[in-house]
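All remarks here apply to the structure that follows.
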Amino acid sequence: MSNIIDTRSYLCFCPLCQQRNPGIGFIVSGRTYRAHQNAAIINEATTGDPSVERNDGDTRMDIDNNYYDAVNDNNVADYDYGYDEDYNDEGEYADVDGLLPEQFDPREDEEHNVDSDEEIRPAIDIEFDGTIVDDNEAHEINIPTSSPLDHLQHPLIYIFVFLVLFQINHISERIANTLISFISVLIGSFAGEEIRQCIPHSIAGMKKWIGLDYLTEDLQMYSACPTCHAIYPLPGPQNCTNPSRRMNGTLCDTPLLKSTASSNNRGNPYKKYAYYPLEDSLKRLFMRENFEEKIEQWKSRSMEPGLFNDVYDGMMWYDLFDPSTGLPFVETPRSLMLTLNIDWFAPFDSGYSCGVIYLVCNNLPRADRFKIENVILVGVMPGPKEPSTYEINSYLEPLVDSLLRLFNGITIPTYQEPNGTLIRAALLNIACDIPAARKVGGFTSHNSTRACHKCTREFVVFPGTSNLDYSGNIIDREHGLRTRASNASAAAQWLEARTQAARTRIERETGTRWSQIHRLPYFDLVRSVLIDPMHNLFLGTADRMVRIWREHGLLTNADGFDMQKLADGIVLPPGVPSLNRKIERKFGFMTAADWKAWCLVYSPFVLKNKLPPAHLNNWMNFVDACRILSKTSITYQEIDDADRLLKEFVGRCCSLYGPECITPNMHLHLHLRETIEDFSTIYTYWLFSFERYNGFMKDAETNQKDSFELTFMKRFIEKTGALDFIRTRISSRLAGRPQELEVLLKIAGQSHMPYQQNHTQYNPLTFNQLSSDPTIDVIGSEPLPADTLLSMTEGQKTRFNGQSYELLLEHYQQHYDGVYSILQQTPGRICCYNEAEKFRSIEIFGQQYRSASSKSIRGSHIQALFLQHGDVVAWTGQVQYYFRHVLVVDRVPKQHYFAYVRWYRTEAGQRFEQEGLEEWRNRFMADDRHSILPVHRISSQVAIVAYGPQGNPNTSKIVVIPMTRRIEV
């Protein structure tokens with residue numbers, strides 16, 4: 001098929017253009033022409049009226065067949081293969097330069113892809129003189145100044161809003177445009193031709209029409225210098241006025257605007273930076289009904305001394321003080337603590353790289369903190385390459401300006417205070433991958449002699465080489481750590497230096513550059529630039545070790561096929577990725593989640609008998625450390641244990657593979673301890689959520705030619721603000737129509753109507769203790785988390801008979817006095833009826849627990865803790881089903897929630913004990929009263945795999961791979 005882009009103009013004679021310009025028609029672009037033709041064909045099919053008219057008497061006109069030839073069948077969204085763009089071929093982080101040649105010609109960098117197709121990737125947003133308009137939409141329809149919804153009936157409002165929300169979350173803009181053409185014809189049949197002609201012809205116009213564009217009306221556009229990345233508010237100068245990077249007294253002088261044929265018309269910028277002011281994002285958040293309540297919930301949380309559950313338990317949460325009161329900053333109501341993330345992603349296959357700036361609010365509960373509707377998108381930095389080192393400061397400057405204003409506070413209307421109240425915000429930490437963290441924080445790259453941004457160690461080169469020696473596993477935490485004062489002093493010296501040579505000397509001696517973040521007087525860059533565990537542990541060292549084993553001949557291609565066969569036999573819980581064919585293909589296309597699963601789930605089992613014992617034992621030091629660190633809560637003792645294991649791992653790697661194998665990333669393992677003590681468990685800040693946001697950005701359709709950073713930003717804001725749009729602009733128009741409103745809320749991203757949790761009864765710490773302490777007597781009627789109750793609201797009604805009923809009766813008789821069976825002639829005080837509701841699966845803290853009666857048994861295998869001969873032991877079993885049973889006690893009905901579990905038989909021999917795995921007989925014990933397990937006592941899910949000969953039930957075995965349970969704090 002042809003991939004030629006249609007750039008021609010067409011004379012359109014459709015009924016609409018004939019009506020607007022009788023007998024003459026209307027000149028439109030190819031995109032508008034095809035939209036009119038589609039609408040006309042649908043109109044003819046439904047009404048029988050001629051679809052298209054000519055002014056020469058011919059009443060028919062063929063659709064342009066070239067259009068269909070130009071459509072590319074390969075309309076598949078870009079797939080993220082999990083590559084981290086900051087890694088080089090050696091598995092190390094690369095400090096992406098992003099510098100352009102001195103003889104830069106902006107026209108050579110202009111985005112133009114002859115293989116793209118306008119219809120598949122519509123050109124949504126085009127700018128003229130700094131004003132954002134939609135292609136052709138401005139002259140296709142007359143959009144009234146007041147909202148059209150003011151004059152429409154409820155069904156029409158519902159249809160238009162539903163269509164826009166459905167497109168944002170589920171379908172492409174091309175498909176949505178076709179639906180608009182079809183729906184507009186139907187509406188014309190019922191509501192009249194006058195309304196039909198006012199309906200926009202594209203989804204972009206429809207968003208304006210219903211008022212959704214209010215979400216992006218505060219966007220600010222800058223022109224960005226293609227050479228030095230300096231930014232200027234539009235319209236801006238013709239050429240860059242920033243001093244040259246050579247610091248020789250000259251200006252950069254790179255052209256910023258494209259030349260135009262007209263002398264009266266300024267050209268569009270070569271590069272644009274889209275920025276959304278932080279203040280406007282916070283205004284939208286504070287207008288949500290329950291936002292102000294949620295950001296204060298952390299103050300009433302249950303606390304356990306010595307336990308790190310969330311960021312509030314880290315030392316840095318209370319380290320920032322309000323200068324006006326002398327109290328911790330967070331103690332004042334409506335004072336937010338934010339996390340900054342900056343990342344780059346490749347939206348296309350061409351190697352083009354965009355940068356995104358996100359913020360999240362740590363005051364929100366952890367269950368809400370990383371939901372996409374709560375994420376603040378600050379800006380999208382233009383490509384095609386990353387800004388190098390200090391050039392990123394240009395994009396940080398508007399954000400830092402906002403943070404300085406917000407630290408002192410601004411007055412805005414909120415949901416609770418519509419007349420206005422003071423809100424404040426401060427930056428708590430920076431969570432990026434390691435190269436981005438160094439750029440944002442003003443630290444030198446991994447190949448410098450001061451490569452660590454946590455300690456003062458100077459790395460030396462190996463004799464006779466240019467490679468740095470990062471080996472060693474001892475950290476002097478008394479005298480060897482960087483300090484805030486020394487960092488600020490070095491940054492100030494760098495900023496005041498007047499030559500590039502002087503700055504290079506300061507960088508070499510201190511490992512520091514000046515960053516815009518240094519303008520925040522309260523921010524400690526040394527402590528608050530985090531070491532991201534996702535990149536540090538999984539994308540970094542887990543990948544690195546596989547490469548080392550292959551380089552040393554410890555793993556062969558044949559081993560890869562054997563390990564893949566073993567991995568394919570593992571029954572995994574939901575949420576654990578399957579490494580389908582990735583192991584046998586030399587671990588290609590592995591994502592961060594894949595490497596995490598490899599480390600924690602697959603490798604302890606499949607590497608058995610593959611790696612020599614010394615190498616496997618050292619790898620298990622790393623795995624055991626990751627098991628501890630990946631827990632959703634962690635104690636000081638566990639921090640000590642993980643730190644010791646990582647030190648042993650780094651030291652043994654040096655002796656097994658040589659000091660050359662130690663990377664700066666491995667050195668940072670030794671500093672994870674400080675990060676956890678300052679900001680709590682790594683579960684609260686690792687970057688898995690931010691990686692998903694990049695996926696949402698890439699879903700936006702663009703023309704791959706120009707202004708697509710703006711398109712990315714607008715689409716993301718529409719997605720995150722869809723619920724706000726419904727609640728503030730639409731809900732009042734659908735008053736008295738709760739069903740329609742519920743559908744719109746669901747399609748906008750609300751998963752379910754909120755369950756009213758009784759917070760006076762439910763306590764998360766108490767609930768967690770029920771599963772971790774087998775000495776506590778659990779009945780089954782204790783309060784449950786909201787999501788668990790929601791998952792057990794409507795089940796299949798059934799009657800218990802036989803053994804299952806007898807075991808339930810026995811359980812109740814262990815906990816209540818006077819419980820009698822329905823078969824007893826002499827009733828007691830409490831009757832145990834045999835009616836119950838069964839469930840195939842339930843949810844606990846967002847994790848799905850399935851059963852043997854589910855369509856998939858993944859997630860049906862669990863562990864629970866029991867006391868056995870005075871010792872706490874974990875039993876492994878398979879849930880057959882879940883059920884809810886009501887017992888009337890003292891005339892009060894009590895609901896009890898159980899899992900019916902069949903427990904595996906124990907096995908004496910434990911060949912996988914060194915790897916932290918367990919062997920069990922692949923055979924169930926006889927059911928007894930322990931089969932009736934309150935769901936509160938489920939300790940965790942497990943993965944299982946059949947091991948050895950399976951024919952004989954007396955000898956067949958399974959290996960159990962324990963999983964970390966997610967808990968609520």
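The residues of the chain are indexed from 1 along the displayed sequence.
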### Pair Asp476 + Arg457, salt bridge at N-O below 4.0 Å
no
### Message
Tell me which one of Thr241, Asn239, Asn242 satisfies side-chain hydrogen bond (donor to acceptor under 3.5 Å, both in side chains) with Asp253.
### Response
Asn239
### Query
Can you find a pair of side-chain heavy atoms, one from Leu672 and one from Leu537, that are under 4.5 Å apart?
yes
### Query
Between Ser394 and His229, is there a donor-acceptor pair closer than 3.5 Å when you use the side chain of the first and the backbone of the second?
yes
### Query
Angle class for the Trp514/His518 ring planes (parallel below 30°, perpendicular above 60°, tilted otherwise)?
parallel
### Query
Donor-acceptor pair, Tyr685 side chain versus Phe679 backbone, under 3.5 Å?
no
#### Entry: Charged N-O contact under 4.0 Å between Lys454 and Glu674
no
#### Entry: Note, Asn341 side chain near Val360 side chain (heavy atom, < 4.5 Å)
no
### Query
Is the side chain of Arg527 donor-acceptor paired with the backbone N or O of Leu525 at a distance under 3.5 Å, no angle test?
no
### Task
Measure from the side-chain N and O atoms of Arg513 to the backbone N and O of Lys439, and report whether any donor-acceptor pair falls under 3.5 Å.
no
#### Entry: Validation row, ring centre Phe329 to ring centre Phe407 under 6.0 Å
yes
### Message
Check whether Arg438 reaches the backbone of Phe443 with its side chain - one donor and one acceptor, N or O, closer than 3.5 Å.
### Response
no
### Query
Looking only at atom types and distance, does a side-chain atom of Asn393 sit under 3.5 Å from a main-chain N or O of Gln516, one as donor and one as acceptor?
yes
### Task
For the pair Asp532 (side chain) and Cys432 (backbone), establish whether a donor and an acceptor sit closer than 3.5 Å, ignoring hydrogens and angles.
no
### Query
Is there a donor-acceptor contact under 3.5 Å from the side chain of Arg245 to the main chain of Glu391?
no
#### Entry: Ionic contact status for Asp280 with Arg284, cut-off 4.0 Å
no
### Message
Donor-acceptor check, side chain of Ser281 to backbone of Val378, threshold 3.5 angstrom: yes or no?
### Response
no
#### Entry: Side-chain heavy atoms of Asn429 within contact of Met316, under 4.5 Å
no
### Message
Classify the ring geometry of Tyr358 against Phe716: parallel below 30°, tilted from 30° to 60°, perpendicular beyond 60°.
### Response
tilted
### Task
Answer yes or no: is there a side-chain heavy-atom contact under 4.5 Å between Tyr276 and Leu377?
no
### Message
Below 30° counts as parallel, above 60° as perpendicular, anything between as tilted: where do the rings of Tyr222 and Tyr273 land?
### Response
tilted
### Task
State, to 0.1 Å, how close Cys361 and Leu338 come at their nearest heavy-atom pair, and which atoms those are.
CA-CD2, 4.0 Å
### Query
Can you list the steps and then say if Glu551 with Arg547 is a salt bridge (charged side-chain N to carboxylate O under 4.0 Å, His left out)?
CA-CA 6 Å; Glu551 290 169 1; Arg547 292 170 182 262; over 6 Å; no
